[in-house]
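Letters A, B, ... are given to chains in the order of the sequence lines, protein chains preceding strands, and every chain is numbered from 1.
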Amino acid sequence: MVLLALVGLLMLFPFYYMIATSFTSGAESATKTFVLFPQKWVTDAYQYIFNSRVFVRSLFVTAGVTVVGSLFSLLLTSMMAYPLSRNITGQRFFLFLVLFTFVFGAGIIPTYMVVKATHLIDSYWALIIPGAINSFNLIVLRQFFLGIPNDLTEAAVLDGANDLQIFARIIMPLSKPALAAFGLFYAVTSWNTYFNALIYINDPDKWTVQVILRQIVILSQRLDSLSDGQQAAIAQAAPPGETIGMAAILIATVPILALYPFLQKHFAKGVMLGSVKG
Amino acid sequence: MRNKLVSSLLIVALFSSVLAACSSKDNSTGNGNASSNAGGNSSGNEATAAADNAKDQKISIDWFDGTWEDPVPGPDSEAVKKIDEKFNVDFKPQYIPFDTYEEKLAVKMASGDIPDVIGMESVDANYMKWAQQGAFLPLDEFLKQYESTKAVPDYAWDSLKVDGKVYGIPTYFSPKGGKKPVIRKDWLDKLHLKMPTNYDELKQVIIAFTKNDPDGNGKDDTIGLGLAKGIYYDPSFGAYYGNATWYNKNGSGQYIPGAIADGNKEKVTFLADLQKQGILQADWAVTAYKDIFKAFNAGKVGVWYEQPGGSGNNGIQFDVLKQNAPSAEVVPIPPFKAPDGSQGLTISGSWYRMYMISAKLKDQPEKVKRILEMIDYFHKPVNFDQRNSQNEYFDWLYGGEGKGYQMENGAAQPIAENRSNVAPSAYITDGGWFMKDEDLFAFPKMAKTPAEQAFQQSLADLLHGSKFYVNPTGRIISPILMEKSGELQEYITTETTKMIFGERPLSDWDKMVQEYLDKGGKDMIDEVNKALEANKIQGEWK
């Protein structure tokens with residue numbers, strides 16, 4: 001028990017270190033290689049970040065993409081997973097198509113060309129549509145739907161419900177725990193959108209927080225292997241200090257971290273539900 | 001084995017499909033661009049109108065580049081409007097932070113979505129590949145037409161040549177710039193020591209700095225010689241000693257990298273001796289170099305590095321140093337006189353960042369001309385005393401006083417949060433070739449504290465008065481050098497680190513050099529020397 005608690009604390013330590021550094025003054029962090037407890041707690045770093053229009057804006061962009069993107073993904077994934085869990089013609093064929101993308105990806109360049117050809121470049125949809133359905137999630141969700149007995153849907157048919165009504169009124173409410181789990185997966189993926197934003201979005205105003213974060217961290221950490229010219233250029237750009245880098249990482253991490261406890265509840269309930277109704 | 005075969009086949013298949021897609025895309029976007037340009041012109045047909053009223057035509061230019069500016073400059077800012085008006089263009093910039101720029105550039109180039117103007121930081125394997133594949137326009141015929149390109153020295157053009165042709169226009173970066181060794185002069189004075197002029201004297205100074213309590217706090221807490229993981233900032237005091245400098249020659253008269261030359265052996269012997277005496281900090285081999293900067297700021301390091309103009313928050317912070325060591329005086333260490341009599345530093349390059357023009361514009365001479373005029377306009381040297389609002393040119397470039405910059409103690413300091421929005425120079429690199437190190441002497445005037453000013457002044461004086469060796473490998477493009485030099489240098493770093501710790505005897509030096517040659521060093525040296533001969537390039541002092 002004590003050991004477990006110690007290991008647990010050890011896991012929290014990096015977070016503590018980030019918090020401590022982010023509240024350190026620039027001058028102090030310029031002389032100390034490791035800050036365990038700042039001499040003086042200051043909020044300079046946070047003031048800098050919240051005064052920077054770019055960072056705050058990118059947080060809103062990311063939040064928007066995460067909310068819309070996760071809902072969109074959940075909707076599409078469940079709408080495809082459900083039919084594949086029932087006996088329909090061509091089920092095996094469509095399942096094969098899904099499994100195929102599971103194994104073979106198209107690569108960056110063809111994907112970029114598709115996004116460009118569909119005029120999604122510089123649109124938020126470029127961050128949502130290309131990864132809307134994750135085939136792994138789809139297959140697991142289908143497995144979950146398979147566990148919902150056919151008797152239920154047949155009863156609904158007798159009551160006069162059509163397929164869409166069955167899906168919306170019977171299947172979806174029964175699947176809340178699964179949806180919560182996959183919603184979380186999708187939300188985390190959307191929140192961490194980095195490479196797609198970098199490649200598909202040209203307007204810096206539309207960048208997600210991860211792109212901005214990376215820039216702040218790169219500028220604030222003295223990286224190895226920079227050329228003389230790069231170092232001079234970075235120096236000229238008045239790089240933010242290390243404390244700001246740490247504060248930025250915290251701000252970008254906390255919102256998505258805060259999502260876990262809320263969804264935890266559904267996970268627990270989900271296990272119970274599944275076991276009773278089997 | 002079988003798995004490997006299958007996967008490599010798959011990779012080949014994927015690759016060829018990508019390539020096929022690229023080439024077809026190339027054509028279609030090429031045409032698309034041309035037609036949309038023609039459509040955008042009020043006069044309609046670009047080709048016929050070009051001769052008459054070329055100047056009056058509004059030309060649309062896709063400009064793709066990386067940046068270190070924070071925030072990243074956007075596509076519709078005040079600065080973009082200024083550029084549009086000044087050059088009568090529709091300037092469409094796209095900027096990506098440089099550390100991730102390469103990935104996006106590679107995707108764009110491979111998918112045939114090639115912008116009109118492409119920026120890069122330096123010559124690399126991609127530059128060579130794309131130039132050879134004909135993605136860039138050769139620029140040789142234009143170089144004599146503009147003041148800014150006429151000022152570029154030959155050794156800079158040499159570094160940009162692929163198969164004899166120049167494809168990029170470089171932006172000036174002081175050839176004398178880069179990290180230089182510095183020393184705490186107040187410590188020297190306190191311990192009645194002279195500035196070291198060779199490794200033996202340096203050794204005595206380092207020992208005294210470490211043992212004799214130079215900061216006078218009664219504790220044994222000073223680091224004489226700052227040394228970091230990977231022997232970062234190679235402690236070389238002159239071209240003869242530099243690891244990456246191709247100064248020395250081997251028995252058959254070929255240039256060889258400093259890493260395997262006698263200069264490095266002397267340096268490693270020096271470090272091994274200090275290690276044996278317990279003078280180097282115990283954990284240097286796992287200490288990040290940034291942590292040495294912090295220790296320097298705390299006033300605990302005797303010998304370390306800084307560059308002309310400083311490194312902002314990422315380097316020596318003189319205001320912080322002053323708080324921790326009020327009497328601190330930092331000066332550069334002059335180059336040592338080498339055993340062969342030479343004494344001087346190395347020029348590795350004289351530029352940083354460059355612009356290429358897409359080969360798709362070869363039939364649009366007016367557009368190429370307009371782009372070159374724009375670059376030329378930005379690339380004019382502005383002396384320090386002209387960097388204020390009285391100078392209309394400077395004022396325009398930097399976004400106007402009170403908006404893009406403000407005057408502090410007679411020096412124009414950019415206003416960070418506005419600059420990306422209002423200053424055209426946040427978009428297109430500015431600065432032309434300085435001939436007399438005017439840029440180095442401007443740094444002390446821009447310094448924010450007297451201590452920093454004194455340091456920058458002494459650094460500028462030293463660099464201005466020193467001889468400089470032009471590294472011959474900076475003037476050729478050698479694929480093996482690009483591919484191999486990094487990993488070979490790493491091998492030497494690892495092995496010499498072992499030697500410093502006594503895990504490998506120094507008498508193994510020749511064996512190590514042989515291993516280096518066997519690992520591909522010989523091929524690299526052969527290729528470099530062949531390229532040097534073919535281009536009639538020698539290492540020379542300036």
When the 4.5 angstrom heavy-atom criterion is applied to A:Ile121 and chain B, the contacting part is neither
So, the part of B:Glu121 with a heavy atom under 4.5 Å from chain A: the answer is side chain
Note to self: Would you say OH of A:Tyr16 has more than 12 non-hydrogen atoms from neighbouring residues, nucleotides or ligands within 6.0 angstrom?
What the structure shows: yes
Highest number of heavy-atom pairs under 4.5 Å with chain B among A:Val54, A:Ile108, A:Asp205, A:Leu198 belongs to A:Leu198
When B:Phe173, B:Phe98, B:Trp68 are each screened for side chain to side chain contact (heavy atoms under 4.5 Å, CB included) with A:Gln230, the one that passes is B:Trp68
Nearest heavy-atom contact between B:Pro75 and A:Pro204 is CD-CD, 3.7 Å
Between the OH atom in A:Tyr112 and the NZ atom in B:Lys104, the distance rounded to the nearest 0.5 Å is 6.0 Å
All heavy atoms of B:Lys294 vs all of A:Ser29, minimum pair found to be CE-O, 3.2 Å
Subject >> Over 12 non-hydrogen atoms of neighbours within 6.0 angstrom of CD in A:Glu28 >> reply: yes
Under 4.5 Å to a heavy atom of chain B? For A:Phe195 that would be side chain
TODO: Please determine, by modelled atom types, if B:Lys92 and A:Asn202 share a side-chain donor-acceptor pair under 3.5 angstrom.
DONE: no
Whatever's closer than 4.5 Å to a heavy atom in chain A on B:Tyr233 counts as side chain
Ranked by heavy-atom pairs below 4.5 Å to chain A, first place among B:Thr287, B:Thr100, B:Val320 goes to B:Thr100
Counting heavy-atom pairs under 4.5 angstrom with chain B, the leader among A:Val211, A:Ile212, A:Asp203 is A:Asp203
Note to self: Looking at B:Lys448, I want to see if its NZ is surrounded by more than 12 non-hydrogen atoms of other residues, nucleotides or ligands under 6.0 Å.
What the structure shows: no
Could you check whether atom CD of B:Glu490 has more than 12 heavy atoms from other residues, nucleotides or ligands sitting under 6.0 Å from it? no
Honestly, the part of B:Pro93 sitting under 4.5 Å from a heavy atom of chain A is neither
Problem set entry | A:Phe60 atom CZ: more than 12 heavy-atom contacts under 6.0 Å | no
Turns out that what part of B:Gln413 lies under 4.5 Å from chain A's heavy atoms comes down to neither
Q. Short question: side chain of A:Gln215, backbone of B:Glu69 - any donor-acceptor pair under 3.5 Å?
A. yes
- prompt: More than 12 heavy atoms of other residues, nucleotides or ligands under 6.0 Å from CZ of A:Phe93: is that the case?
  reply: no
message: Is there a side-chain contact (heavy atoms from CB on, under 4.5 Å) between A:Tyr200 and B:Val107? Walk through the geometry before answering.
response: CA-CA 10 Å; A:Tyr200 303 142; B:Val107 170; over 6 Å; no
For A:Ala30 and B:Asn297, the nearest pair of non-hydrogen atoms, with its separation, is O-ND2, 3.1 Å
So, the part of B:Tyr95 with a heavy atom under 4.5 Å from chain A: the answer is backbone
dist A:Trp207:CH2 -> B:Ile96:CD1 (nearest 0.5 Å) comes out at 4.5 Å
Would the number of heavy atoms belonging to other residues, nucleotides or ligands and lying under 6.0 Å from OH of A:Tyr17 be above 12? yes
When the 4.5 angstrom heavy-atom criterion is applied to B:Asp319 and chain A, the contacting part is neither
Value for CD (B:Gln94) from CD1 (A:Ile201), rounded to nearest 0.5 Å, stands at 11.0 Å
